[in-house]
Trainee: 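Let me begin by handing over the structure; questions about it come next.
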Amino acid sequence: MPDQLMEATVHDPSTRTQWFVVLPDIDGSRAVAGQILSRATHVVNYDSGHPWLAGVWDTDSFRLLSTNAGRLALVGQYSTASAEGLRNARSIDSVTESLPGSYHVIAQLADRMRVRGTASGVRRVYHCRHDGITIASDRAEILAGLIGHQVDERELALRLVVPIAPHPLGDNSVWQGVRAVPPDSDLEFDIATGSTRECRRWRAPVPTLPLTEAANRVRTALSDAVDARTSAGGLIGSDLSGGMDSTSLCFLAARGDSRVVAYTCLSLDPADDDLQWAKLAAERMPHVEHEIVPADEIARHYADLGVPAEPFDEPCLPIAERARLRSALRRPRERGARLHLTGFGGDELASGSSSYLRGMLWRDPWHALHLARVYRATFRWSWWETLQLTGRVRSYRSWFRNSLAEPRPSEPNQTIPVDWGYPAKLPSWMPSDAVAFIRDIFRAAAEDASPIDADPSQHFHLTCLRGSARIVAQFEQVAANTGVTLAAPFYDDAVVEAFLSARPDERSTPWQYKPLLTTAMRGIVPSENLARITKAGSPVHEITGRRLHRGILSALWDDSQLARLGLIDVARLREMFEDSRQMDAQQDAYHRTLAAELWLRDVANRR
């Protein structure tokens, strides 16, 4: 029987969010998934007539292919022309190794089926059991709705940890009964029985490539990633902040088949020098239209917090910036751009960190000490911070046992040497019972905790990458609700692998800003732009938004859902909010608390 693609009635027109579910080929699956199927705009059946895939997706993002070994479904961002070459694919690995982009793969091969997201975690896979049948999806919220929208308070509490709970804590779904597949793993179904298992399919490369060789890989991978978005032609938008990440993507896009409009959003900070660098880049791209967006067109931080949010899978960390993104995408949407490129992820991959120094000290002490001396002078490390290098790298379990610091969060120094990660901290407005609850979780998890990668520096970078990928996935969902597809090529698997393959001391040095990306983009991005060493990062937008929306932010805690769960002390939070210096020091903790509070309210409204 040929592949069956059926149209269904849309019963949930309130959101443009896309999603899909995957079902085994067994009796009863249609009845179990009936609620989900009633919301789907598309259903693809097995030969037996049982539903295989169902969901809401744009036809441009979905591809169904018959292959020599079975059939494949692709959902996401890729070149449709290149996807046609997959008809000879015999494994899911051959698909992701040969097709650039960011997408889910559902592969039905013989009696097995695999569901795969991306190694960065921008595209996740979730699964749950309902009436004895396992259902998989790219959206945890869809599965949670099937089994009752019950919040896992343990996982929710871990979302308040600053800057992030150490792996594996906080990696799972925030919904009871819904499990998140690790980003480096596939979910495999036995099609006939419906049994499942998680299979690790990806490991970070050993970081041994010298700068030139790694840069060549980055250049190829990033070029292919951008080509995957531009090959369909038409009009696309692109951020052109003037920073190296967005500038690189814009120059790569300018070489493709799409017509590109580059957007530079002006800052409220008069000292921000992004505009001059953006203009310098635009002058070198005569075929790219450059639009400068006035600062008053962009919403302030914390705007529209009272507007119902998209049905996020978990608390939306960039909720304070949601209105800013929506307003920034207004022009691309009105111009009819089918896609908008962003440089998100460039900092996490291209900046690197000094986290490799402690391990290097024992392998190559003279080189490590020389680097440490320059780092200390450049970033003004204290002697105490520098002396941290002399200790041996602890085992992951040993580090984990001591990873939870006193509940006094502050922004971590992004340059000081670490081994496995930054100390985890808790909001100062968290009650003692909640602190004790989280400490118990940490102690229990430490008994069998294992790192993502055996190399502490790689583990650290992967942890940071996964954390930022959550934010980008939420930004993509916000953008989709405005009618614009947001594309972040730095999170593509091949791009991540290329960056992580470089020697850490050449990927990050105290002498040069983003040396790996700079080397990779020579000949593509003008040398004048590659020479930029400044980076805009003023807190003026945060402070201005906080002041402008002070009343709304204060009233928000009058009937706090988090307080009902015993996770925050509202009086202490209000006291902190009145002290601008404390607020600046605990901004990340406040954003996490705000995200959890607003998410809980949205969940209550959906039940």
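Quick caveat: nothing in here was measured; it's all calculated off a predicted structure.
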Trainee: Tell me yes or no: between the side chains of T264 and E291, is some donor less than 3.5 Å from an acceptor?
Mentor: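 Distance-only check fails for T264 and E291.
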Trainee: Within a strict 4.5 Å, meaning less than it, do heavy atoms of the W57 and H42 side chains meet?
Mentor: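 In contact.
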Trainee: Consider only side-chain N and O atoms of T544 and R300, and report whether a donor and an acceptor are under 3.5 Å apart.
Mentor: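 Absent: no donor and acceptor within the cut-off.
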Trainee: Check this for me, if you would: do D440 and R443 make a salt bridge, where the nitrogen-to-carboxylate-oxygen distance has to be below 4.0 angstrom?
Mentor: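 Yes.
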Trainee: Provide the closest heavy-atom pair for D304 versus R322 in the form atom of the first, atom of the second, distance.
Mentor: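 D304 and R322 have their closest heavy atoms at O-NH2, 3.0 Å.
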Trainee: Please walk me through it: do I26 and H50 pass side chain to side chain contact (heavy atoms under 4.5 Å, CB included)?
Mentor: CA-CA 7 Å; I26 57 178; H50 295 142; 5.6 Å; no
Trainee: Does one side chain, of T196 or E188, offer a donor that lies under 3.5 Å from an acceptor on the other?
Mentor: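 Checked: T196/E188 side chains show no N/O donor-acceptor pair below 3.5 Å.
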Trainee: Decide, yes or no, whether a salt bridge links D584 with R546 under the criterion of side-chain N to carboxylate O below 4.0 Å.
Mentor: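 Yes, charged N to carboxylate O under 4.0 Å.
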Trainee: Using a distance-only test with no angle check, is there a side-chain donor-acceptor pair under 3.5 angstrom linking H127 and E198?
Mentor: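 Yes.
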Trainee: So, Y491 versus S468: side-chain donor-acceptor pair below 3.5 Å or not?
Mentor: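 Side-chain D/A pair, Y491 to S468: present.
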Trainee: Could you tell me whether the side chain of W429 reaches within less than 4.5 Å of the side chain of Y590, counting heavy atoms only?
Mentor: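 With C-beta onward as the side chain, the pair touches.
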Trainee: Of all heavy-atom pairs between I319 and A595, which one has the smallest distance, and what is that distance?
Mentor: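 That would be CG2-CA, 4.0 Å.
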Trainee: Does one side chain, of H130 or Q35, offer a donor that lies under 3.5 Å from an acceptor on the other?
Mentor: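 Checked: H130/Q35 side chains show no N/O donor-acceptor pair below 3.5 Å.
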Trainee: Under 4.0 Å between a Lys/Arg side-chain N and an Asp/Glu carboxylate O for R466 and D184?
Mentor: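 Counted as a salt bridge, because a side-chain N and a carboxylate O are separated by less than 4.0 Å.
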Trainee: Any side-chain donor-acceptor pair under 3.5 Å between D239 and H340?
Mentor: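 Yes.
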Trainee: Would R116 and D493 count as a salt bridge (Lys or Arg N to Asp or Glu O under 4.0 Å) if you check the C-alpha gap in whole Å, the side-chain angles of each, and the deciding distance to 0.1 Å?
Mentor: CA-CA 12 Å; R116 174 175 297 181; D493 282 8; over 6 Å; no
Trainee: Any salt bridge between R574 and D579, counting N to O under 4.0 Å?
Mentor: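 Salt bridge: no.
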Trainee: Regarding R470 and E348, does a basic nitrogen lie under 4.0 Å from an acidic carboxylate oxygen?
Mentor: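 No, this pair does not count.
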Trainee: Any side-chain donor-acceptor pair under 3.5 Å between Q586 and S428?
Mentor: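 On atom types as modelled, these side chains qualify, holding a pair under 3.5 Å.
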Trainee: For a quick check under 3.5 Å, do Y302 and E542 share a side-chain donor-acceptor pair by atom type?
Mentor: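 Y302 vs E542: donor-acceptor pair found between side chains.
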Trainee: Taking NZ, NE, NH1 and NH2 as the nitrogens, is one of them in R550 or E578 under 4.0 Å from a carboxylate oxygen of the other?
Mentor: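 Result for this pair is yes, salt bridge flagged.
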Trainee: Do S102 and R123 have side-chain N/O donor and acceptor atoms under 3.5 Å apart?
Mentor: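 Checked: S102/R123 side chains pair up, N/O donor to acceptor below 3.5 Å.
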Trainee: Should R564 and D559 count as an ion pair when the cut-off is N to O under 4.0 Å?
Mentor: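 Answer for the salt bridge query: yes.
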Trainee: Quick one, F20 with H104, criterion ring pair (Phe, Tyr, Trp, His ring centres under 6.0 Å). Give me CA distance, side-chain angles, the key distance, then yes/no.
Mentor: CA-CA 10 Å; F20 67 81; H104 283 90; 5.1 Å; yes
